[in-house]
Amino acid sequence: MSIFVNASTRLVVQGITGRDGSFHSKQMLAYGTDMVAGVTPGKGGQKFEDKVPVFNTVADAVRETGANTSVIYVPPAFAAAAVAEAADAGISFIVCITEGIPVLDMARIMPFVREKGARLLGPNCPGLITPGVAKVGIIPGQICTPGRVGLVSRSGTLTYEVVNQLTRNQIGQSTCVGIGGDPVIGTNFIDVLAAFQADPDTDAIVMMGEIGGTDEQKAAAFIAQHVTKPVVGFIAGQTAPPGRRMGHAGAIVSGSSGTAAEKIAAFKEAGISVMERPADVVRLITERLKN
Amino acid sequence: MSIFVNASTRLVVQGITGRDGSFHSKQMLAYGTDMVAGVTPGKGGQKFEDKVPVFNTVADAVRETGANTSVIYVPPAFAAAAVAEAADAGISFIVCITEGIPVLDMARIMPFVREKGARLLGPNCPGLITPGVAKVGIIPGQICTPGRVGLVSRSGTLTYEVVNQLTRNQIGQSTCVGIGGDPVIGTNFIDVLAAFQADPDTDAIVMMGEIGGTDEQKAAAFIAQHVTKPVVGFIAGQTAPPGRRMGHAGAIVSGSSGTAAEKIAAFKEAGISVMERPADVVRLITERLKN
Amino acid sequence: MNLHEYQARELLKAAGVPMLDGGVAATADEVHAIASRIGGTVVVKAQVHAGGRGKAGGVKLAKTPAEAKEVAARILGMTIKGLVVQKVLVVPAADIASESYVGLIMDRESQRPLFMVSSAGGIDIEEVAAKTPEKIHRLAVDPRFGLMPHQSLGLALKLYQDFNQVRAAARMMEQLYSVFMANGASLAEINPLATTSDGKVLALDAKISIDDNELDRRPDLAALRDESAEEPSEVTARKANLTFIKLDGNVGCVVNGAGLAMATMDLVKYYGGDPANFLDIGGSSNPEKVVNALKIITADPSVKVILFNIFGGITRTDDVANGIVTATRQFKVDLPIVIRLTGTNEKEAVKILEGVGMKALNDMDEAVKQAVALAKGAK
Amino acid sequence: MNLHEYQARELLKAAGVPMLDGGVAATADEVHAIASRIGGTVVVKAQVHAGGRGKAGGVKLAKTPAEAKEVAARILGMTIKGLVVQKVLVVPAADIASESYVGLIMDRESQRPLFMVSSAGGIDIEEVAAKTPEKIHRLAVDPRFGLMPHQSLGLALKLYQDFNQVRAAARMMEQLYSVFMANGASLAEINPLATTSDGKVLALDAKISIDDNELDRRPDLAALRDESAEEPSEVTARKANLTFIKLDGNVGCVVNGAGLAMATMDLVKYYGGDPANFLDIGGSSNPEKVVNALKIITADPSVKVILFNIFGGITRTDDVANGIVTATRQFKVDLPIVIRLTGTNEKEAVKILEGVGMKALNDMDEAVKQAVALAKGAK
């Protein structure tokens, strides 16, 4: 199968009539995603591309079309509210592409999303794709091919780079997931790793991290304990300058952690094969799948 | 046994050094309640009545004394915060005596109390008493006697009146509970009725209602469905003038409900024996316990 | 505490709710000035804490300042449901195309602020609710998250089709919610929420009630209380921290606790008497309260007997006894007093009363029977 | 966006945080005036967005207005960590009895605002945290309920024994939290939170950072940005909506996406080169951004080659190609440009570039290798 999106995904696009929303909605439609509805307040009753009904509210869309998954392209000032709207309307999987959402907006609505039992992917993420089945977000469909490698990444375009390497070498993907790099996100590495571990159609996992924070170290510890499938990893930012300090508090919270070296060491300790450059993914995955 | 308070109740008094708090704490102590701590911020380290240690915070009290039940006598402006403090400190049963708490304060903290898994009784209630075991609140201990009739009431002094009638006629009580009459309360009739129904040491229940709202009708419906023990009921306010209307909204919310006649009818329909006056409780309980 | 319409308008206006500019006046001359400033037809509205003002003649149209003055002269001083009109609000007459209803109330059941909205607004909203409840749409707001944008939009979509009107109404609900929460309201209503023939959405009338428990910490709101618009005996009672409601009988009741007070009135009736009032001296004990209670009750000439029914809990019966003794020393009480006391510090109380030659009963039924008999004997 | 100390003080002061009255000045004469007004010994503090001001000589005591003027003349214009001091804050010298630390930061892990407090405050707080982490007390605030009174009291009890000081500190944490939430802060710190020898609790220094994502909807906060206190190339980049960090190498990089940008720099290094910068043109595509990116990179004389690495997703590669074409028409680019483009609208992009005689590579490794070789050849 795949994780999070599959053949029963019924997608509603929030912000379907906006510049980015309409552009990517066309691409998602072209890819064959089962897009059942769009939402733009004030444009209820229209049809997008002459086939997708547009509603004023997500609640209307869910009631009329049975949508179960949403993808959000609304501007940053309204995006957190759009996430809450989707969760309140009973959407169980929400993908928020929007970049630049105030962090406190997200901190305020995340507990609501959790209480409603919804899963949020993002924000500020490229979404995800289950090649050949459904594309939800902005990952270019043409670089993907169906297969049995699961991919999870904190970044957008770096994900594409690695997926592209895999596809060009005939290594297909079960699902490719971009979790986004914002301070407050709905789905983290561990959530995705657990889903891949449980997915019978994923044989190996590629995990793309970055410098900063300790999410990669936590994911490595999770992998050591709970993931039996082979994992290949990458950390971007080995040559990046140290980030600006966020007062004393930033230093106190993060301590000395967050460097590429520390993360790579954690990966190695957890038995993850570490790529030195994106193109290494092919060799390493091939090796790990052989053993 | 009893409900809510029993031999394992370890009580902390919030506001133990105030006028009402100290007066009633002495009475609770005299009754034999296992009062393990008091809390008054700024008075940590003192001893109340030379034996009960006073702490600055409920968390300190819980850590040092293993308190599991709290009773609150702090002034109205701080009382909702005191409830939240108790819940956050891990107190599982909180009794709030304070009258005059702003309703929105309670509306804001109730979800917190629920999330913490605590039960709140009140506010603006007389508390409860398990005769011979523990008194938590302000119900006069001398009017109670141990036995097998459970009592629940929306009002304070009316409860005493009825308990007094029972005691004078040698009908003992398992637990007497005053739930309070505020718009937002932590424990309602149904919660208490369910507890009495489940309590092997309660044989019959006395329920004291008032005009206004629909809680008594809902309780009656609950009794018809879930309570097999005999119930005797009273509704105060048969001759009271109708309450002031709260705008159109008040009329829309409550519709035509809330009169004594309607409540008495609901009681009768649910098989509850209805007292015409407080003194009737003795005759009715005796009758119902015979059958 | 109910606010006057003009006070509610000020709170809503400060929050940005669109409404017509008006003015409040206590004299007909002031009304003339306001109507002149506004120009055109105005509405003169009595500011009283009573529903059905319009039907009672307290709301009138006036085409000219002179007519407004004339109308105001009639309304000012008028009595509506027992309350004298002291002030009027003067606003431009609106060209109304439709009337909606928006109400927000603290709901006991959900324990949350509850929105009720209907596109069938106006003075008959209660009839709409009773006969066609499906026309009232409800939403309980979770105070942890506040009124979320999709919720206000969802409510507004129940009222309007035009999206400019939808957005305007949604914004007003957010403003109404913020006024409600920021001022500790128990009720906030806009009725009608009107559209004008040129498509604008406006609040034409507003009603706000503040939770009395907020007033101690909000002197700004407490200052809005208009005592001239209240029943004098109730003002006195409130100042003494007593809950008092005047009734038609002759047995004056002084009870601690609302439930017991009602049960006492019921028992007076049960034994053939008629209660003169509901009076709850409340929980915390304070001899001064008893003195004030006696003052209020003895001021009512129809009272023939005073019945105390005190069951001590947080109220200490000795405090009540002391209050009775103090009161009878401060002023002469010519009426018979029947006292029933039991509970906290009962022994001390009985001693105090016996010290001045008064007797305390222990049984409620007996005390009520005695009081009823005395009231009948006095007739 | 980091606020200056004097700006942070103003936000905290408006919320009621007690602090010493001071003044901000851009000239030594103004400092003299402020010091005269204050009277007594003052502290003159450089207002720059850099830590370790004190150690760099940017914070000085002055006993008289004349000395304050003299000190200010030295500090104003001084360079601290590459930033020129444009303004100083002048405050009375406090008689400090103890120094505590209070910090509030948006915490990734709990996804909540996280308080960190320590009675061991002052400039060495990071060392305290590293060596004796048990001296730092933490509390994540649930934004659904806000900072509850028992929580602020609990934090304050970690700092003080004296209950007046405890209450004062608790109140300041509530004020700090409200400033944090009301202004979309990502950081708010008071360090030191000092007690004076007469027992008062005061905020002596404050630091606030605002989430950049808040600024669009908060022009009041955006107006606090002091561009004179920033690296000029970074100001230009920010205005063009680019993320730019200058580095020491000679391979100028233009990449879309932070992760790919870092991976590109890593690959430059991997193939023996040195990146001249980190530059992320971001998600949404806009030819103008590319023009600005090229302007910023070509302004750096050490750059020998420009490397584009664009993987189209939300960014359309044809937009980027158009941007390159536009830029090379607007101004002469003397440097070799290596372009790698793939993804969304790739075919159109290649066509656009070929139309002006430019070539686009498809493989990242190949492009990086070419760029590194060109940079080396140019030396």
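Scope of the values below: all heavy atoms of this structure, side chains included, with no hydrogens, waters or symmetry mates. All chains are named by letter (A, B, ...) in the order of the sequence lines, taking the proteins before the strands, and each is independently numbered beginning at 1.
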Please report the shortest heavy-atom distance between [X] and [Y], naming the atom on each side.
X        : Y        : value
D:Ala263 : A:Leu158 : CB-CD1, 3.6 Å
A:Thr157 : D:Asn256 : OG1-O, 2.6 Å
D:Pro143 : A:Ala107 : CG-O, 3.6 Å
A:Ala240 : D:Met265 : CA-CE, 3.9 Å
D:Arg144 : A:Pro111 : CD-CB, 3.4 Å
A:Leu104 : D:Phe180 : CD1-O, 3.8 Å

When rounded to the nearest 0.5 angstrom, what is the spacing between [atom1] in [X] and [atom2] in [Y]?
X        : Y        : atom1 : atom2 : value
D:Glu346 : A:Gln142 : CD    : CD    : 7.5 Å
D:Glu109 : A:Thr214 : CD    : OG1   : 5.5 Å
A:Asn164 : D:Met364 : CG    : CE    : 11.5 Å
D:Arg316 : A:Asp20  : CZ    : CG    : 7.0 Å
D:Asn213 : A:Asp182 : CG    : CG    : 7.0 Å
A:Tyr160 : D:Leu260 : OH    : CG    : 10.0 Å

[X], part contacting chain A, at a heavy-atom distance under 4.5 Å:
X        : result
D:Ala261 : neither
D:Arg340 : side chain
D:Tyr271 : side chain
D:Ile210 : neither
D:Asp266 : both
D:Phe278 : neither
D:Asp212 : neither

Between [options], the one whose heavy-atom pairs under 4.5 Å with chain A are most numerous:
options                                : answer
D:Asp365, D:Leu267, D:Ile208, D:Ile310 : D:Asp365
D:Arg217, D:Lys269, D:Glu214, D:Met106 : D:Arg217
D:Met116, D:Met181, D:Gln111           : D:Gln111
D:Pro275, D:Gly312, D:Ala258, D:Gly103 : D:Gly312

Where on [X] is there a heavy atom nearer than 4.5 Å to chain D: the side chain, the backbone, both, or neither?
X        : value
A:Thr239 : both
A:Ile97  : side chain
A:Pro140 : side chain
A:Pro76  : neither
A:Phe112 : neither
A:Ile139 : neither

If you count every heavy atom of other residues, nucleotides or ligands that lies below 6.0 Å from [X] atom [atom1], does the total exceed 12?
X        : atom1 : result
A:Tyr31  : OH    : yes
A:Lys218 : NZ    : yes
D:Lys135 : NZ    : no

**OP:** Flag the one option from A:Met110, A:Arg168, A:Glu276 with the top tally of heavy-atom pairs under 4.5 Å to chain D.
**Re:**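 Ranked by heavy-atom pairs under 4.5 Å with chain D, first place is A:Arg168.
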
Subject >> Winner by heavy-atom pair count (cut-off under 4.5 Å) against chain D, out of A:Glu161, A:Arg108, A:Arg154, A:Gln238 >> reply: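 Looking at each option in turn, the highest pair count goes to A:Glu161.
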
